[in-house]
Amino acid sequence: MTETIQQPLLSINNLCVEFRTQQGVTQAVDDLSFEIKHGQTVGLVGESGSGKSVTALSILRLIQEPPGCIPAGQIVFEGQDLLQLPEKQLRKIRGNDISMVFQEPMTSLNPVFRVGYQIAEVLRLHKKLSKKKAWQRATELLDLVGIPDPQKRVRFYPHELSGGQKQRVMIAMAIACEPKLLICDEPTTALDVTIQKQVLALLQRLQQELSMSMLFITHDLGVIADLADEVVVMYRSRKVEQATTAEIFSHAKHPYSQGLLACRPKLHDNPKRLLTVADFMSESGEARQPSAEQLQPQIKSDKSHNPVLLEVNNLKTYFPIRSGLFGRVKAHVKAVDDVSFTVRKGETLGLVGESGCGKTTLGRTILNLQPASSGQVLFDGVDVFAQTAANMRQLRSRMQIIFQDPFATLNPRMTIGHAIMEPLSIHHAAVGKQQNWQRVAELIEQVGLNPDILNRYPHEFSGGQRQRIAIARALAVNPEFIVCDESVSALDVSVQAQVLNLLLDLQEQHGLTYIFISHDLSVVNFIADRVGVMNQGKIVELNTAEEIYRNPQKPYTQKLLDAIPKGF
Amino acid sequence: MLWLILTLTFFLLRAAPGGPFDQERELPPEVEQLVAQKYQLDQPLHQQYANYLKSVLSGDLGPSFQYADHSVNQLIGLSLPVSLQIGFCALIFSLFCGLLLGIIAASYADRWPDLVAMIVAVIGISTPNFVIARLLILWLAVHWQWLPVAGWQGGDWPYLVLPVIALSFPYIAAIARLVRGALLEVLQQPFVRTAQAKGLTRTEVVFKHALQPALLPVVSYLGPAAVGLMTGSVVIEQIFGIPGMGRYFVQGALNRDYTLVLGVVLVMGLMMLLFNLLVDLLYRYLDPRVKGT
Amino acid sequence: MIKLRLGLLLLSCLVLAVVIGPLFAQFDTETIYWDFMASAPDETYWFGTDVMGRDLYIRTLKGGQVSLLVGLLATVVSVVLGVVYGMVAGMAGGRIDAAMMRLVDVFYALPFLFLVILLLVFFGQHIWLLFTAIGCYLWLDMARIVRGQTLVLKEQAFVESARSIGQSTRLIVLKHILPNLIGVVVVYATLIVPQVIMIESFLSFLGLGIQEPMTSWGSLVNEGASYMELAPWSLWFPALFLSLTLVGFNLLGDGLRDRWDPQMQNQPTRKSQTQ
């Protein structure tokens, strides 16, 4: 590659962004500088709250002021400082020279206008096209971003399209005026892996066809591996490293980048426990190296001779679709459609599939939180669906669930202590209050938190901490079996690694049996002994994790595996 | 639905003690009987109910007990157009002012125009209607003599202005608050940011992209508001001496004029159904997501 | 935040005035001072006298006690009715819920206010009847809001989590649903109080409100409004107190709502049809 000395398209110099609220000033971006050259793709990587999205919004001055405020820095685009530009001129750049694709395709399109109108609006604004021509161009753009039957879809409202299609519409809107710079703020985070792959491929194709520059913001290093020329890593509002993509992946310099790379489970050769950022960097920011012990490879023991704990036979869960005046049942959604499998003691069964495949409903049905339409679940030989209410409550102390959203699983008006106490006061009331509180303190230590926090309320904790609290609550009554329903999906990768390690530790200590539900194949591969692949309510393939990943039998499994970003 | 309301009202009315012809002075029993016979009050209750329903179905709301020689149909026929006229003007007026105030308040959130608009709104909600009405009369009609004090004169416009303003005041305030709240919430939505990123001006963003979704709560408020406005207001009618429908409501209740009250309730119910239908249609037009379900 | 503080400040001043103010009064509510009919405020009669020659200072404050009392008691009635009904409907769900909400729709359409009038006409204008009747009239909004909230809460993961540890329905309601409803209920309760006071003043306009010898802001304002030109102060003082109270409660309610439950700001609530 020949480096010609030319003006970069965009250069950010010493940018600072603050949010000033009554609680005080929060530094969102601190002294950030980097450049984007013509035709180059720069990846901006960091965890939630690292300031990466704020940076993206600042470029077009889209942060809300107040409370947002840019006290210092320059954002130079083609020789003009965007921060000094009057509003009127800035508007000519927005959507025309620089445009954005946002994270939430569901809410980023206006629900009350047709998609064609929304695309045409940009064209009429900046290219001064007539109404008819703009609509025509909108149809062409929909075709370009790969939406089937664009003549028809151009007249659709956003809610009539799928999530992936909405994101394609967003992209069509963003490239309508053939911008010089496209800013993508986590464009694929809300999408399924297979869709993510398609959207990434689309972005890559468009970037080459339109020879535009791209700023790609993501929390997932894997996503940008194939896409970016250069990567900027942000940590706690600051840039900690900037290098070419190849350099970052082969030998990252900053300990934070090293940790970020290591904490994501890979498809092969994982360590016994995942490494976390803390293994590379102390709390104060000093670099350190993980010990050899931590790098021991993971070996999954053979559990195929353990006794059977859970047996699921021909389970079906249908949701009726009612319509008409009297709510007659017209059809059924077959969320779980004739599923059978067994889980052995001490084993982890992973369930993977895309959103809407029925994996969550399956987990809830097994625990009898969702009534089954037909079929049988035997837990340790006991028929779960044939219990009286009182017996069922007894049985619940042996089987538990950990939910996805750490923000919703804890009652906001209950202290942490009482939340963990609740299951104890139901099942172990006889033990006495004093001893139960002691047990609560033990539990909170087991999940790696300080017992001092017991009097506090959930809103004071981060997502990872809340998920630990939820685990402590589930563990309180010494269950044998836990369903983890997307339990790490909402967490940042480094926190995700910590929680996964915790789950493995607890399994080892207490001989727990897990059903681990996730959309993330690499996470499931890391934690599960056997994996079931679900599609449209059915388990299409069920085998040991190794076999599934090395030697997939079904085309659907193959498709899922292909969609995993190949960054590693 | 309408039938349910009518039935409930019918029996509640009858369950309440007292009758339409109870007066200070005892009537001679034979007169009382004659009167009762004339209005079929001597028959068993279920019989009366059946008779009433039958006549309502044929479009006859029965004779008024209090206003002799007038049928309820006549009374309502005379007063409803008056109430409708005032109500309709007030509805348009309060929508216009309410929207304006609400949009101004939301676009200048937490700055002085917002504060002023919201103070006006809070005062509007917090001042009894009859005080506002009388103040308007005192200043605009008595002191400055711009407008007539009261009266109707067949709905001539100078006679309309004051009652319409007085009637609208609390509704303006309510709509302004609704619009402000809804607009502020919509302005937080990601799609507003998308619109801004396209390069639209602030005004275009507010009026084109944010206003339509923000109107939804206002539309659902409009149904009951319209009914309230158009079925007449006792207070306004009494103060301005307007021959509208509201007074029958209270007088009918005070005098136990069964058929009159039932007639008024029926008209109100009909209008409620009509406006709910209109609101539904409007809602569907404004929010395409509703169509699918 | 400003709203909340302003509302609180305003209301505490008013309550203080109404409770402590009468202690400094030199006259009582009923005595008629024949020589001072409709006299303007001066150092003896701080708020002036009304057309019948009664001291307005003490009447305004005593009337305030009655108005606030009616407001609070009627609110309690409507909150209790609304919360119980709404929560039962929300928890039951399905057809029971649909039927219960249908009933609420019917009640909305009923001329409730006029039943209140009927009740008052026949049973006389006892103060307890007044607030019970008004309370029964205003519970519908509360029931709807509580039911909606309950439906949302019921689907929350923490409620399912409580079920998954084997918690009984009764305790789920008490420990998980009810505590999370309190915010909304308090917010809407503060917004019901001004509605009650407004309805009371409307009933006073019809001559059905609080009866002599008791008085209330509503009836004072109404009296004052009738003699506005003769004795404007007899309107100004009660009206000022009445409006300030309503402003105070509205500010407090709005402030609490902004603070506690930002997503509920747009619940369209029916304005009471008192006008």
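Throughout, protein chains are lettered first and strands after them, A, B, ... in sequence-line order, and every chain is numbered starting at 1.
- Rounding to the nearest 0.5 Å gives a distance of 7.0 Å between CG of A:Asp185 and CZ of B:Arg193.
- Contacts with chain B were tallied for A:His126, A:Arg94, A:Gln103; A:Arg94 has the most, counting heavy-atom pairs under 4.5 Å.
- Of all the heavy atoms in A:His159 and B:Pro288, the pair that sits closest is CE1-O, 3.4 Å.
- Here B:Lys208 pairs with A:Glu121 in a salt bridge; the nearest charged N to carboxylate O distance falls below 4.0 Å.
- Per-residue counts of heavy-atom pairs under 4.5 Å with chain A were compared for B:Gly199, B:Ala195, B:Ala210; the largest is that of B:Gly199.
- Residue B:Gln212 touches chain A through its side chain alone, counting heavy-atom pairs closer than 4.5 Å.
- Using a 4.5 Å cut-off between heavy atoms, A:Ser99 makes no contact with chain B at all.
- To the nearest 0.5 angstrom, A:Phe113 atom CZ is 5.5 Å from B:His209 atom NE2.
- Of the atoms belonging to A:Ile93, not a single heavy atom falls under 4.5 Å from chain B.
- Looking only at distances, no side-chain donor or acceptor of A:Asn110 sits under 3.5 Å from a matching main-chain atom of B:Phe191.
- With a 4.5 Å cut-off on non-hydrogen atoms, B:Leu286 touches chain A through its backbone but not through its side chain.
- Within the 4.5 angstrom heavy-atom criterion, only side-chain atoms of A:Leu125, from C-beta onward, approach chain B.
- Here the side chains of B:Thr194 and A:Met170 are in contact, with some heavy-atom distance below 4.5 Å.
- Counting all heavy atoms, side chain and backbone alike, A:Leu62 lies closest to B:Ala197 at CD1-CB, 3.8 Å.
- The contact between A:Tyr117 and chain B is made entirely by side chain atoms (from C-beta outward), counting heavy-atom distances below 4.5 Å.
- Between A:Arg91 and B:Glu204, no side-chain nitrogen of the basic residue sits less than 4.0 Å from a carboxylate oxygen of the acidic one, so the salt-bridge criterion is not met.
- In this structure, B:Lys198 contributes its side chain and A:Gln118 its backbone to a donor-acceptor pair below 3.5 Å.
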